Amino acid sequence: MPFEVYNTLTRKLEPFRTLEPGIVRMYNCGPTVYGRAHIGNFRAYLFADTLRRWLEISGYEVRQVMNITDVGHLLDDADAGEDKIEAQARKEQLDPWAISRRHTEQFFRDLEDLGCLPARVYPKASEHIPEMLEMIEGLVAKGYAYRAGEDVYYEVAKFPRYGRLSGNSVAELDAGARIDVREEKRHPADFALWKSDPHHLMKWKSRFGEHGFPGWHIECSAMARRHLGDRLDVHTGGEDNIFPHHECEIAQSEAFTGQPFATYWMHTKFLQVDGGKMSKRLGNCYSLDDVRAKGFTVRALRFCLIRGHYRQPLNFTWDILREATSVLENLDDLVVRLRRAQSGAAGAASADAGIEEVGEAMAEFRAALDDDLNVPRALAALMALRALALEERLGASAAAQALQFVVHVAQRALGCIQVEEGSLAAEVEAKIRERNAARKARDFARSDALRDDLVRLGITLEDTKAGVLWKHKDSGAGGGPIA
RNA sequence: GGCGGCAUAGCCAAGUGGUAAGGCAACGGAUUGCAAAUCCGUUAUUCCCCGGUUCGAAUCCGGGUGCCGCCUCCA
């Protein structure tokens, strides 16, 4: 079964084929760095990371590019005035460049904490102004764009496919009363490629004028082209990007290059919080720090955000994160059990016992992710593996095979399962031995006090016939037995 | 007003024509010095509602209700 993905452009599940064998050119719409990213933003970036991971496991070289929008485009295409980075800068009485620099750094820290593999390039809009101008000038020259004073607009009527991605038509957009009609635009749906405003702080000189800055959509077309070439295999983003952002990107890029822009357009559904839309007013635009402050790990958050299918709505509540934490602990535990079965400490007598079931679970896991990244289905396959381990139906060699799979495929794909064996500080190990001695002496008051101590240190114990197994509660890393 | 998506047990969630996966939580029992972990068992005659097609529908069609997204900055 080949990898199949849902393509927003065709509204169908399609076999995944790249332009160049073995290489995937992937562009992910990244953040506008004017504030701290919240868990909803991360759902989209985590989807991109999961896709990248699965493509790599499938043998592709993934050329992943995620843009950083550090030039605040206008709050509004109709030019209601302010740019959001500049608005934030004014609020904080800081230089807009300082705002974008600070939030870019914070964004990278958050991505790393979430276990996202770094993209090959994180191009900044501010560093690609010449590339944008090259495209804008080209579009004017080809007749797809027109100048209005010192502004430049894209003329959607010149691009018949405009609306194909989102299912809108230029005629319907015309009827939609929500786009402010600007006098200088030939059609209400025409969008800005370049704007001019002497009051802007982030501005550049160009042949269009002294005080210009790019429109919202051109940066992605220009940066994708610069770093990946005229054509892409995959372009991702949140569902809100479908229109107008991606629709406009297609119009710009394809008009400019004369070639199809991206083969596959993949979009993540919005994350809801408490069953509704996140909003600053409700105070539920949670950041990673909010998650930590509530006592949860970022690792558990990652799991919580990727365990649902990316095209299904996903709800977030603290209770749901609590549940996800439990599930993840069981996944960590799967590794511990397999390692034990592999060493022959616990398992079936015959080394090959369970080899067939292990093979089925592994095949199901792969088939699930090949099916448009069906993570929930893949997790069920992992749970099947766990049942085999718990029921001690795996021989040493079957367990070894399963363990290799979990570490090198499942964890590599999901990025949040603890597969490392933990290490213990000497004094903690001493406490465990002391508790063992107390239990042997039937001094249960002493042994229970020591166990409570260890819990406070984040160590949970499991008493078995062979000795005590332990693990770090948050990281899930463990070891033992200690006799 | 236009376009699109979703609705499966207390909760998360798979399943797109063949008779409801998996998980979390809960409860009862076993095990344990007590716990934890683990094991056994229980938890949707039914898939938002109403019609229709079919031998047969959660799955297809029509209508309705609710929620979400886009059309204006947003992942």
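These figures come from a predicted structure and were not determined experimentally. Naming: A, B, ... by sequence-line order, numbering from 1 per chain. Side-chain atoms are counted along with the backbone in the values below, which use heavy atoms only and exclude waters and symmetry mates.
- Backbone-only contact: A:Leu314 has heavy atoms under 4.0 Å from sugar-phosphate atoms and none from a base.
- With hydrogens and angles ignored, a donor-acceptor pair closer than 3.5 Å exists between the side chain of A:Asp448 and the base of B:G33.
- Applying the 3.5 Å distance criterion, the base of B:G5 shares no donor-acceptor pair with the side chain of A:Gln312.
- Set against B:G22, B:C71, B:C73, the side chain of A:Met383 has B:G22 as its closest nucleotide.
- A perpendicular orientation is assigned to the rings of A:Phe42 and A:Tyr45, their planes being inclined by more than 60° (bins at 30° and 60°).
- Taking atom CD of A:Glu391 as the reference point, atom P of B:U31 lies 20 Å away to the nearest angstrom.
- B:A9: no Watson-Crick or G-U partner with both key distances under 3.5 Å is found in any strand.
- B:C3 sits 25 Å from B:U8 when the P atoms are compared, rounded to a whole Å.
- Distance from the side chain of A:Asn374 is smallest to B:A14 among B:U38, B:A14, B:G33.
- Comparing the same atom, P, in B:A36 and in B:U45 gives a spacing of 31 Å after rounding to whole Å.
- For B:U19, there is no paired base (Watson-Crick or G-U wobble, both distances below 3.5 Å).
- Spacing of C1' atoms, B:A26 relative to B:G10, comes out at 9 Å, to the nearest Å.
- Residue contacts shown for A:Met278 include a base, since a base heavy atom lies under 4.0 Å away.
- Counting to the nearest Å, the P atom of B:A35 and the CZ atom of A:Arg446 are 22 Å from each other.
- When the P atom is compared between B:G15 and B:U59, the two are found 15 Å apart, to the nearest whole Å.
- Residue-level contact check: A:Arg322 touches neither bases nor backbone, having no heavy atom under 4.0 Å from any strand.
- With rounding to whole Å, A:Leu328 atom CG is found 19 Å from B:C12 atom P.
- When all heavy atoms of A:Ala341 and A:Ala399 are compared, the closest pair comes out as CB-CB, 3.5 Å.
- Under the Watson-Crick or G-U wobble criterion, with both distances below 3.5 Å, B:G41 is paired with B:C27.
- Within the structure, every side-chain polar atom (N or O) of A:Asn28 is placed at least 4.0 Å from both OP1 and OP2 of B:A75.
- Backbone-only contact: A:Leu390 has heavy atoms under 4.0 Å from sugar-phosphate atoms and none from a base.
- Look at the P atom in both B:C60 and B:G5: the space between them is 12 Å, to the nearest Å.
- Residue A:Arg451 places a side-chain atom within donor-acceptor reach of the base of B:A35, judged by atom type and a 3.5 Å distance cut-off alone.
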Decide yes or no on ring pair (Phe, Tyr, Trp, His ring centres under 6.0 Å) for A:His246 and A:His267, but give the supporting numbers first.
-> CA-CA 10 Å; A:His246 289 164; A:His267 296 95; 5.0 Å; yes
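- Residue A:Gly40 is classed as a base contact, given a heavy-atom separation below 4.0 Å to a base.
- RNA chain B is contacted by both A:His245 and A:Gly275; A:Gly275 maps to the nucleotide lying nearer its 5′ end (nearest heavy atom per residue).
- Side-chain nitrogen and oxygen atoms of A:Ser326 include at least one within less than 4.0 Å of the OP1 or OP2 phosphate oxygen of B:A25.
- Annotation: of the two residues near RNA chain B, A:Pro376 and A:Val327, the 5′-most nearest-nucleotide partner is A:Pro376.
- Considering only side-chain N and O atoms, A:Asn330 lies under 4.0 angstrom from the phosphate OP1 or OP2 of B:C24.
- A distance of about 10 Å separates the C1' atoms of B:U32 and B:A37, rounded to the whole Å.
- For B:G15, its base never sits under 3.5 Å from the side chain of A:Arg377 at any donor and acceptor pair.
- Going from atom CD of A:Glu360 over to atom C1' of B:G22 covers 16 Å, rounded to whole Å.
- Of the listed nucleotides (B:A21, B:C71, B:C11), B:C11 has the atom at the smallest distance from the side chain of A:Ile320.
- Set against B:C12, B:C71, B:C6, the side chain of A:Arg307 has B:C12 as its closest nucleotide.
- Regarding A:Asn241, its CG atom lies at a distance of 6 Å from the C1' atom of B:A75, rounded to whole Å.
- A ring-centre distance under 6.0 Å is not found for A:His235 and A:Tyr264.
- Contacts of A:Ser447 with the nucleic acid, taken as non-hydrogen atoms under 4.0 Å apart, include base atoms.
- Between A:Arg435 and B:G33 there is no side-chain polar atom (N or O) within less than 4.0 angstrom of OP1 or OP2.
- Here A:Glu323 lies in heavy-atom contact (under 4.0 Å) with a base.
- At the heavy-atom level, A:Phe42 lies nowhere under 4.0 Å from the strands shown.
- Pair assignment for B:U54 gives none, since no Watson-Crick or G-U wobble pairing has each distance under 3.5 Å.
- We find that the ring of A:Tyr45 and the base of B:A75 do not stack by the test of centres under 5.5 angstrom and planes tilted less than 30°.
- Comment: A:Arg299 does not engage A:Asp113 in a salt bridge, judged by the lack of any side-chain N to carboxylate O separation of less than 4.0 angstrom.
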With salt bridge (Lys or Arg N to Asp or Glu O under 4.0 Å) as the test, would you mind laying out the steps for A:Asp453 and A:Arg435 before giving the verdict?
-> CA-CA 10 Å; A:Asp453 257 14; A:Arg435 171 173 174 272; over 6 Å; no
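- A:Arg311 forms a cation-pi arrangement with A:Tyr6, by the criterion of a distance under 6.0 Å to the ring centre and an angle within 45° of the ring axis.
- In this structure, the nucleotide among B:A21, B:G69, B:G33 sitting nearest to the side chain of A:Lys277 is B:G69.
- Regarding A:Trp216, its CH2 atom lies at a distance of 11 Å from the C1' atom of B:C70, rounded to whole Å.
- Nucleic acid contact class of A:His267 (heavy atoms, under 4.0 Å, all strands): none.
- Comparing the C1' positions of B:U31 and B:C40 gives a spacing of 11 Å, expressed to the nearest Å.
- Under the Watson-Crick or G-U wobble criterion, with both distances below 3.5 Å, B:C47 is left unpaired in every strand shown.
- Both distances falling under 3.5 Å, in either a Watson-Crick or a G-U wobble arrangement, occur for no nucleotide opposite B:A14.
- Annotation: B:G22 and B:G29 have their P atoms spaced 25 Å apart (nearest Å).
- Between A:Trp470 and B:A36, a side-chain N or O to OP1/OP2 separation shorter than 4.0 Å is absent.
- A straight line from CG of A:Asp333 to P of B:G23 spans 14 Å, rounded to a whole angstrom.
- Across B:C67, B:C71, B:A75, the shortest atom-to-atom separation from the side chain of A:Gln272 is found for B:C67.
- Checked against the 6.0 Å centroid criterion, the rings of A:Phe107 and A:Tyr122 do not qualify as a close aromatic pair.
- No hydrogens or angles were tested; on distance alone, a donor-acceptor pair under 3.5 Å links the side chain of A:Asp463 to the base of B:A35.
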Step by step, work out the salt bridge (Lys or Arg N to Asp or Glu O under 4.0 Å) result for A:Glu391 and A:Arg337.
-> CA-CA 10 Å; A:Glu391 290 162 19; A:Arg337 307 274 168 181; over 6 Å; no
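- In this structure, the ring of A:Trp318 has its center less than 6.0 angstrom from the ring center of A:Tyr286.
- When rounded to the nearest whole Å, the span between CZ of A:Arg386 and C1' of B:C39 equals 12 Å.
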